[in-house]
Structure formats: C-alpha cells, structure tokens
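Reading through the structure tokens given below for one structure.
Nothing here was measured: the structure is a model prediction, and the numbers come from that model. Atom set for the values below is all heavy atoms of this structure, side chains included, hydrogens, waters and symmetry mates excluded. For reference, positions follow the sequence shown, starting with 1.
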Amino acid sequence: MKVTIKDIAQAAGVAKSTVSKVMNDSPKISEETKTRVRDIIKQMNYTPSSIATGLARQSSNTVAILIDMSKESEFLNQFFYNIIGGVESVIGPLKYELTIANIQHDQAEGHFLHRLVLNKRVDGIIANTSVLTPELCAELNRLEFPYISIGEINPPGTWVDCDNELGGTVLTGHLLEQGYSSIAFIGGEQNEPLFLRRIAGYTATLRQAGLPVRSDRIINGRAAEEDGYDAAMQLLQSAEPPDAIVCMSNFSAFGVLQAARELKVQIPAQLGIATFDEYPLSPYTTPPLTSLNMDTFQLGVSAGRLLMDKLGTTVTTESGQLLEPVLIPRLSSLRSSK
C-alpha cells in the first residue's frame, strides 16, 4: 500500500501540514522536527505526489466556500449567510480572505478543481454534502488538498454538522411531554441524508415511549409550504388524524398552519406543531411556532476552525463535530394544562 503524508504525520506525531512544511523547508518548523520527519520519510520510502507537493509550495491566503448556483435554496436563505459570517469571523483575523465560488460550469476547464485547486487559487475549501460528493472527496483526498464538509461524510474527510438526529429526538420528546401521543412527520426527500438523520431521532423516541411508528404518518416531500399544506390536509382528513406534527422546516410548518386553519383544527388544543429551524418564520406566525434553533453561525465558526487546523494555523485533533440544537417552545405546541 502506498505511503501517504498522513502515515508520515502519524509516525512522527505531527500534523499533516507540518510534514508539508518540512518538505518545503519552512523556516517556521524547528530543525529538530525537520530532522525527525525527514528520517521517517526516508525510513518509510515516502515519495510525495508532484501535484500535492506543488500545492504545498504556494499559499494564496484565500479560502473558498463552494456553492451550486443551480440550487437557489442553497444561497437564497439566511443559513448560507450565517455560515459565511461564522467562517469569516475565524479566518479574517488570521489574514485569510474568503471567496464564494460557483461549481456550475459546462466546460471541463471551468471545473473548480482546475480553477481553484490545481491553479492554486485557494488554500482550502468549505462546502456542503450536495457539492462534496464521495467521488469529489476521494479526489481531494488523493491530492491531499484541505477541505471541510458541512454535513457528515466518511473518513478521512473532516466535517461539521448540526446534530439532526438529536433534533428529531428533542422535537418529538417535547410533543410527548406536552401530552400528544399520535405524532406525524412531514417533509424531506425519502433518501435524503438530512431527512434520514432527523427521522431516526423521531422514530427512536416514539419507540422508546412505547408508541408505534406508522408509515402512514410519515409524509415525504419538499420542505416547502405547498408540500406541507398538502401533507397536512391528507393527514388531518384521514380516518385517524394525528394530534401533533413534526415539520422538516418553517415552510412546511407554515403550510400545516394554513391547512389546520382551513379545517378549523385548533392549535395547540387539537394539534401540536413543532419544526426544525428557527428562521425565518417561527416567531411571527399565528400562533408562533415551537422550533429547534440550529446555530448556523457557529457551524461556520467550527468549519473555519477545522480548516485553519488543516492549514497549520490552529491545532485540534477533531475529524468531525456535531453541534447541539436548542429547543424554543412556543404556543404552537404548549398546551395550557401543561
């Protein structure tokens, strides 16, 4: 098996970035460390790839956040700008610039690997899992190029994410505590990783409470107002309507509110509603929505710190990080008798 820079770093007890700096004779590394790392390189017969070595020789002091401009939901929401703010708050004081890069290009030479990575335009990248596919992660790993995923990925990739499974647990547990016992779940594509994590928390909490998990109470669809409305109309007009609903997003929940209003279902007396995400509607609907605040600014902070670690600016040993969501109870689920 080919020896990698990670193997050298582990054997020497240093960061991968330190090994790269040793290979480039950086004055920032002590002579003692250089000697130790070079001896290990010789012992392990390590030959650095020409691309990886070339990338290590030049710093642009720029970090890129990658987005897919074909998906409006990725950049036309507050979450995206919160993440940008969090990343900038970390890298700015360390004299790094932040750039936003679109991955959508028709020609091969326009691919961001050519534009940004191989042309040494940036020192590292941050992107979510819709951009960082397993194939792309494998190529970045091969090039030994620093990147952070917003969303959980497989090793050796480094990632940060909100704990969505815990979120499903917290919302469902809150509804149970308020006396609801027939709880549905609305929104999310069936095989979407985000949905799978959130529904895992929902189903585990129901089972722990001794309640059945009914497939007819889980309605997949876009996390959008129209889909939330349609799913709620279907559930609330069924022979056995639920008495509470966990929603995938504020927009799904707003659709549920509309359906309940049309059907004259009283909230929270006859129907409790709790939703993922605080932004943008939760405090302003009638009644205000019980929500789960996912701190996307802190998500950006964590991504920035992890990337700076990979670039040798800070030190941490984390390969993945889950941030805990915070429940904000409001009138949509708080029964007066509780």
Side-chain angles (χ1 to χ4, degrees), residues 163-278 281-282 285-292 294 325 327-338:
D163 195 334
N164 286 287
E165 184 170 344
L166 176 61
T169 297
V170 169
L171 289 175
T172 309
H174 165 74
L175 291 169
L176 291 171
E177 288 172 0
Q178 292 299 310
Y180 300 101
S181 59
S182 180
I183 304 171
F185 191 105
I186 284 179
E189 303 296 335
Q190 193 163 8
N191 295 314
E192 178 189 10
L194 183 62
F195 165 75
L196 293 175
R197 292 190 180 99
R198 291 179 174 183
I199 201 70
Y202 159 85
T203 56
T205 305
L206 289 182
R207 290 192 178 104
Q208 189 174 3
L211 297 172
V213 176
R214 294 175 46 171
S215 59
D216 61 336
R217 293 283 167 85
I218 300 172
I219 311 294
N220 293 110
R222 296 175 304 149
E225 177 185 340
E226 297 83 1
D227 291 46
Y229 172 85
D230 291 342
M233 292 297 282
Q234 175 185 329
L235 288 167
L236 296 176
Q237 295 182 101
S238 64
E240 297 179 74
D243 62 4
I245 299 175
V246 174
C247 299
M248 191 71 172
S249 76
N250 271 208
F251 299 106
S252 300
F254 190 70
V256 173
L257 285 172
Q258 288 182 303
R261 190 175 298 116
E262 287 184 22
L263 297 173
K264 302 189 184 318
V265 174
Q266 295 182 352
I267 300 171
Q270 295 174 293
L271 180 70
I273 304 173
T275 181
F276 283 88
D277 304 332
E278 171 72 353
L281 305 172
S282 290
T285 58
T286 304
L289 289 164
T290 290
S291 70
L292 204 66
M294 318 291 269
L327 180 71
I328 304 176
R330 293 196 180 94
L331 292 178
S332 69
S333 66
L334 294 174
R335 284 175 158 170
S336 57
S337 61
K338 293 291 174 180

Any chance you could measure [X], atom [atom1], to [Y], atom [atom2], to the nearest 0.5 Å?
X	Y	atom1	atom2	result
L206	R214	CG	CZ	11.5 Å
L196	R198	CG	CZ	11.5 Å
L175	S182	CG	OG	11.0 Å
L281	T275	CG	OG1	9.0 Å
I245	L236	CD1	CG	5.0 Å
I267	L289	CD1	CG	8.5 Å

N/O donor-acceptor pair under 3.5 Å between T172 side chain and T169 backbone: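 The answer is no, because no donor-acceptor pair under 3.5 Å joins these two groups.
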So which heavy atom on [X] is nearest to which on [Y], and how close?
X	Y	result
I186	A231	CD1-CB, 3.7 Å
L171	L327	CD2-CD1, 3.8 Å
S252	C247	CB-CB, 4.1 Å
P268	R335	O-NE, 3.6 Å
P287	L331	CB-CB, 3.9 Å
M233	A259	SD-CB, 3.5 Å

Inter- and intrachain pairs under salt bridge (charged side-chain N to carboxylate O under 4.0 Å, His left out), touching residues 252-261, at least two apart: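 Of all non-adjacent pairs touching residues 252-261, none passes salt bridge (charged side-chain N to carboxylate O under 4.0 Å, His left out).
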F276 vs V246 side-chain heavy atoms within contact, under 4.5 Å: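 They are in side-chain contact.
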I183 and R217: CA distance, side-chain angles, deciding distance, side-chain contact (heavy atoms from CB on, under 4.5 Å) verdict: CA-CA 7 Å; I183 304 171; R217 293 283 167 85; over 6 Å; no
Ionic contact status for R330 with E278, cut-off 4.0 Å: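 Salt bridge between E278 and R330, a charged N being under 4.0 Å from a carboxylate O: yes.
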Test ring pair (Phe, Tyr, Trp, His ring centres under 6.0 Å) applied to F185 - qualifying residues, sequence neighbours left out: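 Per chain and number, F185 pairs via ring pair (Phe, Tyr, Trp, His ring centres under 6.0 Å) with F195, Y202.
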Under 3.5 Å side-chain donor-acceptor pair for T290 and S333: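 T290 vs S333: donor-acceptor pair found between side chains.
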N250 versus S282, side-chain donor and acceptor atoms under 3.5 Å: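 Indeed, the side chains of S282 and N250 share at least one donor-acceptor pair under 3.5 Å.
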Using residues 218-227 as the side-chain source, report each donor-acceptor pair under 3.5 Å to any protein atom, sequence neighbours left out, with the distance given to one decimal.
from : atom 1 : to   : atom 2 : distance (Å)
N220 : ND2    : G188 : O      : 2.9
R222 : NE     : D227 : OD1    : 3.2
R222 : NH2    : D227 : OD1    : 2.7
E225 : OE2    : Q258 : NE2    : 3.4
D227 : OD2    : R222 : N      : 3.0

Intermediate values then yes/no, side-chain contact (heavy atoms from CB on, under 4.5 Å), Q178 and L334: CA-CA 7 Å; Q178 292 299 310; L334 294 174; 3.8 Å; yes
